[in-house]
**Q** 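Structure incoming, see below.
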Amino acid sequence: MHKSVIRLGLVGVGKIARDQHIPAIRNDPRFALVATASLHGSIDAVPAFDDIDAMLTADRAIDAVCLCTPPGVRAQLARRALAAGLHVMLEKPPAASLSQVDALMVAARRAGRSLMATWHSRETAAADAARAWLTGRRIVSAQVIWREDVRQWHPGQDWLLAAGGFGVFDPAINAFSLLTRILPGALEVVAADLAVPVNRGAPTEARVAMLHDGHAAVTCDLSIVHAGPPQWDIVVETDAGRLVLGTGGHRLTIDDHPQTTDADGEYARIYARFAALIDARASDVDARPLMLVADAMLLGQTRALPAFEF
Ligand code: NAP
């Protein structure tokens, strides 16, 4: 059966919108980009509005929005879009807090619209294969090393280092999205150490200790002030071998034997799934990665670092 094209509005034309969303939308015949809402950003030949209210009240048919702003404003934008009868895709993290995510799920249910929380790092063949390999094995321990340089990956993004901007957890929530996807059991945070520059509101370095199914230690070494090449690796020791999910979920190695390496197709999969959710009138909101961040913040011991400037 022929499926209708989904007319999409893009909110927040910044780095991730330009790097990933716009190419993925253009390559997916199910979507037509019909409007943008951004104060400073726009896309050639696409009608541009300053903000979501102007976009929603314009005489323009839109079926769905994708919210690519920083997380602090995401929930209020999503609420407006749902109230206007649109389906909503949320960039990660889905909102600035768990209670906001909960309120959005209620709003989507009441509106009868699809709500999708994206976790782009999960959308790889290597992550699928890691999950399949770990299913049924006993987890002995796991280690997350997620270290990068914010000056390279988020140049000048002051919002990221403000309260509600997630700091080191902006990239590290990607690791948590993988952990919660590939490990078979439940994860709980037991302790955290958070290092916050004196002139900023969010940590730039963190160590987080978790337990898997109440006994296997999971340690996380996280930094956004890391010099040198980024490290985005998860190592899992099991009763039947050692799994390494490297390069941000793109490369799988088992017992030192390379298995799966995939190219950059994460956002194509995200849009295909969004279309499927809209067709099925379903939602997909997994808040577990955000829960782990929230618990690290709740339990974390904070210490001060010297001032950080970009
Ligand atoms: P960004 O480059 O700062 O872009 C966000 C855009 O949102 C801005 O250009 C801005 O456009 C708009 N905006 C609306 N309200 C804003 C506010 N209160 N403060 C700042 N900007 C605001 O950020 P980004 O790197 O694209 O990240 C956006 C989201 O995508 C984040 O949640 C991030 O975690 C996620 N993400 C980023 C990456 C990456 O590699 N950068 C990868 C995956 C996911 P106007 O000024 O034109 O309104």
Side-chain angles (χ1 to χ4, degrees), residues 9-25 35-44 46-56 65-81 88-97 100-101 104 116-124 127 146-178 200-204 222 224 230 232 247-250 264-271 274 285 287 289-290 292-293 310:
L10 185 62
V11 183
V13 180
K15 186 172 189 306
I16 196 61
R18 290 185 193 285
D19 288 357
Q20 297 287 353
H21 287 267
I22 293 164
I25 295 163
T36 60
S38 210
L39 202 52
H40 305 97
S42 62
I43 303 163
D44 282 351
V46 178
F49 300 91
D50 280 354
D51 56 40
I52 194 167
D53 291 327
M55 186 174 88
L56 294 178
V65 289
C66 172
L67 305 181
C68 294
T69 62
V73 291
R74 192 132 46 229
Q76 76 195 53
L77 298 173
R79 241 189 312 272
R80 278 186 213 158
V88 175
M89 179 197 288
L90 306 164
E91 243 303 348
K92 50 87 6 186
S97 72
Q100 289 175 358
V101 174
L104 286 184
M116 175 177 170
T118 61
W119 298 110
H120 66 86
S121 298
R122 288 178 174 179
E123 304 287 352
T124 67
W146 220 260
R147 301 175 65 84
E148 64 178 55
D149 182 355
V150 70
R151 293 184 174 98
Q152 177 184 354
W153 297 97
H154 301 277
Q157 290 182 1
D158 285 310
W159 62 261
L160 192 143
L161 295 172
F166 286 69
V168 70
F169 293 109
D170 177 272
I173 201 170
N174 296 333
F176 294 174
S177 76
L178 281 169
R200 303 287 179 169
T204 53
L222 316 171
I224 50 171
W232 295 313
T247 33
H250 284 94
D264 194 13
E266 299 171 28
Y267 280 80
R269 275 179 55 163
I270 283 175
Y271 276 92
F274 190 39
V285 181
L290 182 59
L292 295 175
V293 172
F310 276 100

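Quick caveat, the model's predicted, so the values are computed rather than measured. Counting from 1, the numbers follow the sequence of the chain as shown. Remember, it's 1-based here, ligands and their atoms both numbered in the order they're listed.
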**Q** Is any side-chain heavy atom of W119 closer than 4.5 Å to a side-chain heavy atom of P289?
**A**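 When only atoms from C-beta onward are counted, P289 and W119 do touch, with a gap below 4.5 Å.
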
**Q** Can you check whether T124 reaches E266 side chain to side chain, under 4.5 Å on heavy atoms?
**A**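 Yes, at least one pair of side-chain atoms sits under 4.5 Å.
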
**Q** Are the aromatic rings of H154 and F310 close, with centres under 6.0 Å apart?
**A**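 No, the ring of H154 stays outside the 6.0 Å limit from the ring of F310, centre to centre.
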
**Q** Kindly assign one of parallel, tilted or perpendicular to the pair H21 and Y267, based on the angle between their ring planes and the thresholds 30° and 60°.
**A**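 The arrangement is perpendicular - the two ring planes meet at more than 60°.
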
**Q** Show me a pair-per-line table, with atom names and distances to 0.1 Å, of protein N or O atoms that are under 3.5 Å from an N or O of ligand 1.
**A**
unit_1: ligand 1; atom_1: 2 (O); unit_2: K15; atom_2: N; d: 2.9
unit_1: ligand 1; atom_1: 2 (O); unit_2: Q157; atom_2: NE2; d: 3.2
unit_1: ligand 1; atom_1: 3 (O); unit_2: W159; atom_2: NE1; d: 3.0
unit_1: ligand 1; atom_1: 11 (O); unit_2: S38; atom_2: OG; d: 3.2
unit_1: ligand 1; atom_1: 23 (O); unit_2: Q157; atom_2: NE2; d: 3.4
unit_1: ligand 1; atom_1: 25 (O); unit_2: Q157; atom_2: NE2; d: 2.9
unit_1: ligand 1; atom_1: 26 (O); unit_2: K15; atom_2: N; d: 3.2
unit_1: ligand 1; atom_1: 26 (O); unit_2: I16; atom_2: N; d: 2.8
unit_1: ligand 1; atom_1: 32 (O); unit_2: R74; atom_2: NH2; d: 3.0
unit_1: ligand 1; atom_1: 32 (O); unit_2: K92; atom_2: O; d: 2.9
unit_1: ligand 1; atom_1: 34 (O); unit_2: K92; atom_2: O; d: 3.2
unit_1: ligand 1; atom_1: 34 (O); unit_2: K92; atom_2: NZ; d: 3.0
unit_1: ligand 1; atom_1: 34 (O); unit_2: D170; atom_2: OD2; d: 2.6
unit_1: ligand 1; atom_1: 46 (O); unit_2: H40; atom_2: ND1; d: 2.6
unit_1: ligand 1; atom_1: 47 (O); unit_2: S38; atom_2: OG; d: 2.6
unit_1: ligand 1; atom_1: 47 (O); unit_2: L39; atom_2: N; d: 3.1
unit_1: ligand 1; atom_1: 47 (O); unit_2: H40; atom_2: N; d: 2.6
unit_1: ligand 1; atom_1: 47 (O); unit_2: G41; atom_2: N; d: 3.0
unit_1: ligand 1; atom_1: 48 (O); unit_2: S38; atom_2: OG; d: 3.4
unit_1: ligand 1; atom_1: 48 (O); unit_2: L39; atom_2: N; d: 2.8

**Q** Are D158 and R200 side-chain neighbours, meaning at least one heavy-atom pair lies under 4.5 Å?
**A**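 A side-chain contact under 4.5 Å exists here.
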
**Q** Under the side chain to side chain contact (heavy atoms under 4.5 Å, CB included) rule, what do T204 and V150 come out as? Steps first, then yes or no, please.
**A** CA-CA 9 Å; T204 53; V150 70; over 6 Å; no

